[in-house]
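Structure first, commentary second.
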Amino acid sequence: MERNCFLSVVRLILPSLDVQLAYLQLFPFLQFASLGSLESHGFARNRFWSIDTDPPAFPTNSSSKAYIDLILRPSEEDLKIWPHSFEFRLRVALTPGGDLMLISRVRNTSTDGKPFSFTFAYHTYFSVSDISEVRVEGLETLDYLDNLQNKERFTEQGDAITFESEVDKIYLSTPTKIAILDHEKKRTFVIRKDGLPDAVVWNPWDKKAKAMADFGDDEYKHMLCVEAAAVEKPITLKPGEEWKGRLELSGVPSSYCSGQLDPQKVLSSS
């Protein structure tokens, strides 16, 4: 079976490095990148989760899915670095066809009457044949923050996102569906999301890849990070309130139209 997630071989070789599987580092976090005072990407992804024995009702028919429910509550050490009480529930589900669905619920369980705010992203790395043969559809004409230019705001000008150098952008107010087209493999990844208005697109390219301890020098050629996120406007919860976000990933064969992959067939499908 062909692998759709990307995992650096360096993470497999060096056991001291943090290895997170399931579409590489899909476990969510309560802070995006370095946009806050916590550790980079927050702390939820580096914690031990428990099996949730009393999960909320699943919104869709779960009879055809294999799934697991997880829950994370703050430890005493967590409360020292982020003094807010919360429950973070995550359902991970797989369909018989191989689609992956993640549903996250974050609830403010504080008894002190204080709200808290957080940003969020699913850290999804996709395996691609050749980054120079990949295009991302659905984000054209949108505004984005460029992390390579001090988060300055720009508007995407191309009819699709292609890759010729390092990219690290946060696209704002994005649609609920995004397509990643792999020209060489004639395959399209479809990202469907709810509750996550932004999308992060990242590839380190050669110079940064060589400087990363957990990344092979040439592995940037075969990966692309596209994340469903809520970054620009932090999510704020009052005590008792709950936020829910959903991500669904699927892979479909891509058709050709006038010599190019046709994303519209994917983006217009239900």
Side-chain angles (χ1 to χ4, degrees), residues 4-5 22-23 25-32 41-42 44-45 52 55-72 86-95 97-108 116-126 136-145 161 169-180 188-202 225-238 240-252 263-264 266-270:
N4 293 328
C5 63
Y23 270 85
Q25 302 182 66
L26 265 180
F27 279 156
F29 35 85
L30 294 170
Q31 171 181 297
F32 179 76
H41 293 87
R45 68 190 185 122
D52 189 354
F58 199 47
T60 59
N61 179 17
S62 60
S63 61
S64 62
K65 296 180 175 68
Y67 61 89
I68 186 170
D69 291 291
L70 304 173
I71 188 167
L72 177 69
F86 66 89
E87 283 185 347
F88 190 163
R89 284 184 157 94
L90 172 67
R91 172 165 284 198
V92 183
L94 277 175
T95 68
D99 294 352
L100 175 66
M101 181 182 293
L102 302 177
I103 295 181
S104 292
R105 292 178 168 91
V106 178
R107 177 179 292 274
N108 185 340
F116 62 70
S117 299
F118 62 95
T119 56
F120 186 99
Y122 286 115
H123 208 34
T124 42
Y125 285 28
F126 296 91
V136 177
E137 297 279 353
L139 302 177
E140 54 275 8
T141 74
L142 298 181
D143 285 356
Y144 65 87
L145 306 178
I161 301 172
K169 299 177 180 178
I170 304 170
Y171 288 84
L172 310 174
S173 301
T174 61
T176 57
K177 284 192 283 188
I178 301 169
I180 303 171
T188 297
F189 292 114
V190 183
I191 301 171
R192 295 177 175 87
K193 59 188 180 68
D194 292 306
L196 297 160
D198 306 320
V200 179
V201 178
W202 177 73
C225 179
V226 180
E227 308 177 13
V231 179
E232 182 190 26
K233 299 177 181 178
I235 302 157
T236 299
L237 296 177
K238 297 177 182 178
E241 290 185 335
E242 181 181 81
W243 168 84
K244 184 173 74 174
R246 183 183 70 92
L247 175 69
E248 184 177 348
L249 303 177
S250 58
V252 298
Q264 298 306 318
V266 174
L267 291 174
S268 61
S269 64
S270 58

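In terms of modelled atom types and a separation under 3.5 Å, the side chain of Arg107 and the main chain of Phe88 share no donor-acceptor contact.
Rounded to the nearest 0.5 angstrom, Glu232 CD and Leu145 CG are separated by 6.0 Å. If you take CD on Glu242 and CG on Asn108, they are separated by 11.0 Å, rounding to the nearest 0.5 Å.
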message: side-chain contact (heavy atoms from CB on, under 4.5 Å) for Asp52 and Arg91? Distances and angles first, verdict last.
response: CA-CA 9 Å; Asp52 189 354; Arg91 172 165 284 198; over 6 Å; no
Ile68 vs Leu90, side-chain contact (heavy atoms from CB on, under 4.5 Å): CA-CA, chis, key distance, verdict: CA-CA 8 Å; Ile68 186 170; Leu90 172 67; over 6 Å; no
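Considering only heavy atoms from C-beta on, Glu227 stays 4.5 Å or farther from Leu196 through its side chain. A 4.5 Å side-chain heavy-atom check between Ile191 and Phe126 finds at least one atom pair inside the cut-off. The side-chain heavy atoms of Ser250 and Arg192, taken from C-beta on, include a pair separated by under 4.5 Å. Looking only at side-chain heavy atoms (C-beta outward), Ile161 and Lys169 stay at 4.5 Å or farther from each other. A heavy-atom distance below 4.5 Å is found between the side chains of Phe120 and Trp243.
The two atoms that bring Ser117 and Thr236 nearest to each other are OG-OG1, 2.6 Å, heavy atoms only. Closest approach of Val200 to Ala229, counting heavy atoms only: CG2-CB, 4.2 Å. Across all their heavy atoms, Phe86 and Leu72 have their closest contact at CE1-O, 3.7 Å. Of all heavy-atom pairs spanning Thr119 and Val231, the tightest one is CG2-O, 3.6 Å. Across all their heavy atoms, Leu139 and Pro175 have their closest contact at CD2-CD, 4.4 Å. Here the closest non-hydrogen pair linking Ala199 and Ile178 is CB-CD1, 3.8 Å.
Taking the charged nitrogens against the carboxylate oxygens, Arg246 and Glu248 do have a contact shorter than 4.0 Å, which makes a salt bridge.
When each of Thr176, Asp198, Thr174 is checked for a side chain to side chain donor-acceptor pair (under 3.5 Å) with Lys193, only Thr174 meets the rule. Leu247 pairs in a side chain to side chain contact (heavy atoms under 4.5 Å, CB included) with only one of the listed residues (Leu100, Thr124, Asp194, Ile103), which is Thr124.
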